[in-house]
Amino acid sequence: MAATETSTSAVAFDVDYTEPWSARVRTLTRLGRHREALSLFRHGDPSPPPDALALPAAVISCAKLHLASGVEQLHALAAKRGLLPSSDAYLLSALLSTYSRLRLLPRAHQLLDELPLASTAPTTARTAFNSLISGCALHALPAACFSLFRRMRAAGVPFDAVTLMALVPAAPLGVMPQLHALAVRSGLAASNSVANCLISVYARGGAALARKVFDGMPAASRDLVSWNAVLSAHAQNGLAVEALELYRRMRGPEGAGVEPDAVTLVGVLSSCAHLGARCVGLDVERYVWERLPGFRANVQLCNALINFHARCGGLPRAQQLFDEMPERSIVSWTALITAYGMHGHGHFAINLFEAMVSSGIRPDNVAMVGLLSACSHAGMHKEGRNYFSAMETTYHLRPTLEHYTCMVDLLGRAGLLDEAQDLIASMPMAADGAVWGALLGACKIHKNVEMGEEAFERIVEIEPNNVGYYVLMANIYTDAGNLDGVAKVRAMMRHRRLKKEPGCSYVEHNGKVHLFMADDHSHPQAKRIYDLVVKLERTVKEKTGGGVVEGITEKSAKAKAAAFPLVGFHSEKLAVAFGLLNTEAGSEIVVIKNLRVCGDCHSFLKTVSALSNRAFLVRDASRFHRFEDGACSCRDYW
DNA sequence: GTAGGGTTAG
């Protein structure tokens, strides 16, 4: 509502006092000045009777002010003057949509039932049905929408693009093929508003069908909304690379001059955050500053910027944007709480959470996930436990699987494996792969083979194709020097044709992405990079005294070689070496990685940060590590 | 003049 008022008041037109009073009522309604509209309608000029032209506007103003009784009065007035049921299409439509907006659906149905369909102009009947169907869609009443649609068709009332635009978002995905076919048969699928609508609805079930509709549109009918809809379809479904590719196409000749707006950029920034694509995101931010001067009033766009910076290593910038926001939503707070959590600053996250609550925002489930995972990354298990129990007692939130996953992770990593196991046993719902996976991860850290085997057994039943858990179990056996265990897991992987997900890391430099896989020699500077890694490894070994690295025994080293014999040069080492060779002394090297950092790379990077007097910021699959002066910000707790 | 399409946080 507020957004409408600001956007309309910015329009450069105002009430023209030479107009007849009924036209002035309409103008005031259009400007969002509903009280003035109604006051003029009532008291403005009593000599001529209320003009039929002013009535629909007055009805709309009543609706905006939630004055149900006012609508009833206007309805009665109109009936007395013989404007109903069908002689004024505009009035009928305004009343129907208003009643349904105000949740007075029986009233709306009554009005529609009074309509003599046989003697009503088809366009009037169509608009009447459209109004009510849209109203039912607004209140998420799909069954009512479709029963009205059936009635409409049975009565021979024609439908149009507006009808479909109300029905399509209300349809369950299973009904979509039929509805889509109907849209095609009626020729309405060619209307770009219907096509855009199809794209956004298909996006709920993945990007593929949404993409198909978009690809099938003639290039000339793709407008900003089409691009936004298809781009967000990919962004929402985790296809960040494709989303950025669409953005690139949109800005090129194919976009035919379509200018991105805030909605586009929210989708693009979310994909940048996902990928760690700093260069693209920074370009977007520049665009925002230059082209969208009012962006601070757009909470979603600011949230997207905060999230982008936070996930791409720009935590201070994220905090700054947050501080400068005139209005914040729970999403703004959650983005920042999560960001501090990912950087291991648990106390900051907790302080922010408390400040959010003090500011009058009641936490939701997502905010609690952010807070609990912040406690987890910082090893703050007492705080985490307290907040977890406060969820129900203080905030009246029922923990979901994700909260249990956080708690199992938090307790397990803190070494409280039995408590973590008890928590799983106490869950009111069945644990999923992620919950057991958190326990398995804790068993890896604390070298508990038996409990790990139990968890692994459950996981294999639930997510037999998730490679990560097999690797984790193999690593538990490896650390225990259990060669039989390693062989068993490898056999299971072979049997299910599962391949270890390759690790990859990348660094952005001069606007280009430099991607490295483990043992990958495809980079043009590969020779220099490998030479540097070898040299650094030698120096590190000398420094740390003959290769005794954090709990690695000879037996476990042997098991490791048996488990994954191919792994030699992990991708993060290559990425850091590239950074050292190509960036100025003193600047921070930011690396994005798809998997977790392994213990060997972790201690390597710590030592190299001291040797080279550089800072490395590494985002791995779960958090940030900042290596500087021989130490890591995670304080070796990850 | 009436009915109306796209967005974010784990």
Residue [X], side-chain heavy atoms: nucleotide from [options] that is nearest:
X        : options             : result
A:Leu224 : B:dG1, B:dG6, B:dT2 : B:dG6
A:Tyr90  : B:dG1, B:dG6, B:dA9 : B:dG1
A:Ser131 : B:dG5, B:dG6, B:dA3 : B:dA3
A:Ser200 : B:dA9, B:dG6, B:dA3 : B:dG6
A:Pro56  : B:dG6, B:dG1, B:dA3 : B:dG1
A:Asp160 : B:dA3, B:dT7, B:dG1 : B:dA3
A:Ser232 : B:dG1, B:dA3, B:dT7 : B:dT7
A:Ile330 : B:dT2, B:dA9, B:dT8 : B:dA9
A:Met165 : B:dA3, B:dG4, B:dG1 : B:dG4
A:Asn192 : B:dA9, B:dG5, B:dT7 : B:dG5

Determine whether a donor-acceptor pair (one donor, one acceptor, N or O, separation below 3.5 Å) exists between the side chain of A:Asp261 and the base of B:dG6. yes

What about A:Asp223, does its side chain sit under 3.5 Å from the base of B:dG5 through a donor-acceptor pair? yes

When the ring planes of A:Phe624 and A:His343 are compared, do they come out parallel, tilted or perpendicular, using 30° and 60° as the limits? parallel

How is [X] classified with respect to the nucleic acid when contacts are heavy atoms under 4.0 Å: base, sugar-phosphate, or nothing?
X        : answer
A:Asn298 : nothing
A:Asn307 : sugar-phosphate
A:Ser193 : base

For a quick test of reading the model: is some side-chain N or O of A:Arg101 closer than 4.0 Å to OP1 or OP2 of B:dG4? yes

Would you say A:Ser270 reaches B:dA9's phosphate, i.e. side-chain N/O to OP1/OP2 under 4.0 Å? yes

Taking the six-membered ring of A:Phe322 as reference, does the cationic atom of A:Arg328 (NZ for Lys, CZ for Arg) lie under 6.0 Å from its centre and within 45° of its axis? yes

Measure from NZ or CZ of A:Arg222 to the centre of the six-membered ring of A:Phe214 and say whether it is under 6.0 Å with the direction within 45° of the ring axis. yes

How long is the gap from CD on A:Glu245 to CG on A:Leu231, to the nearest 0.5 Å? 10.5 Å

Please check if the side chain of A:Ser100 supplies one atom and the backbone of A:Leu96 the other of a donor-acceptor pair under 3.5 Å. yes

Figure out the CZ/C1' separation between A:Phe322 and B:dA9, and round it to whole Å. 12 Å

